[in-house]
Amino acid sequence: MSMEKIHKEEGIGPDQLTGDVLYYGDNHSAVVQSHGRADVEKLIDENRSGGKLIVLDVGPKHCGPCVKVYPTVLKLSRSMSETVVFARMNGDENDSCMEFLKDMNIIEVPTFLFIRNGDICGRYVGSGKGELIGEENSLERFSGIQVFVSLTNLST
């Protein structure tokens, strides 16, 4: 192979994602980027009284399963923005992030922490889209808010 560039894709944003596209580092979605414990604590404080569910996606930046599930997180962040706040933390970004992972007993990634009114009310470990959506919907129904999300809507 001559290593000649045969194609370069430009200007793909989160609205153009379909299927299981590996896309990371989106700056246009509703996903709040957290860079340490202070960012997470601020996010929790800002949403403590509003009743919104916070879904914190935690994993190292170059984790294959973490990257695989991220398009689903992006799509959910747009479709559920009225009732859910999505956040992302690269667990290997700095010492504060690494300490947070240790304190939260995060051993496997990706790990999704579900936080409501300042308390962790659930946890999902894995990169399965259906299971993640099911866990979020269960937590929403439990709190009296119903959110209907289908995998069909997410793949368009």
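Since the model is a prediction, treat every value here as computed from it, not as a measurement. These values consider heavy atoms only, across backbone and side chains, with no hydrogens, waters or symmetry-generated copies.
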Separation between CG of L56 and CG of L53, rounded to the nearest 0.5 Å: 11.0 Å
Could you grab the distance from atom CG of L113 to atom CZ of F100, nearest 0.5 Å is fine? 5.5 Å
Has D95 got more than 12 heavy atoms of other residues, nucleotides or ligands less than 6.0 Å from its CG? no
Tightest non-hydrogen contact, residues I106 and R123, listed as CG1-NH1, 3.9 Å
R116 versus K52, closest heavy-atom pair with distance: NH1-C, 3.7 Å
For N94, side chain to side chain contact (heavy atoms under 4.5 Å, CB included) partners two or more places apart: S96, C97
Drop me the distance from Q33's CD to D57's CG, to the nearest 0.5 angstrom. 9.0 Å
Decide yes or no for V58 and P110: does some side-chain heavy atom of the first lie under 4.5 Å from some side-chain heavy atom of the second? no
Measure the spacing between CD1 of I54 and CZ of F86 and express it to the nearest 0.5 Å. 11.5 Å
Which atoms form the tightest heavy-atom contact between P65 and S127, and what is the distance? O-CB, 3.4 Å
Taking salt bridge (charged side-chain N to carboxylate O under 4.0 Å, His left out) as the definition, give me every residue that meets it alongside E99, ordered by chain and number, with sequence neighbours left out. R37
Which atom names give the shortest non-hydrogen contact between V67 and P71, and what distance separates them? O-CD, 3.3 Å
Output the distance between atom CG (D92) and atom CE (M98), rounded to the nearest 0.5 Å. 7.0 Å
Identify whether L101 and V40 are in the same connected component of the hydrophobic contact network (ILVMFWY, side-chain heavy atoms under 4.5 Å). yes
Nearest-0.5 Å distance, CE of residue M89 to NE2 of residue H35: 9.5 Å
Any non-hydrogen side-chain atom of V31 less than 4.5 Å from a side-chain atom of V73? yes
Show me, pair by pair, the donor-acceptor contacts under 3.5 angstrom made by side chains of residues 41-50, not counting sequence neighbours?
residue : atom : partner : partner atom : Å
D45     : OD1  : R48     : NH2          : 2.9
N47     : ND2  : L43     : O            : 2.9

Taking the side chain as C-beta and beyond, is there a heavy-atom pair between V69 and F112 under 4.5 Å? yes
Listed by chain and number, what are the side chain to side chain donor-acceptor pair (under 3.5 Å) partners of N105, not counting sequence neighbours? none
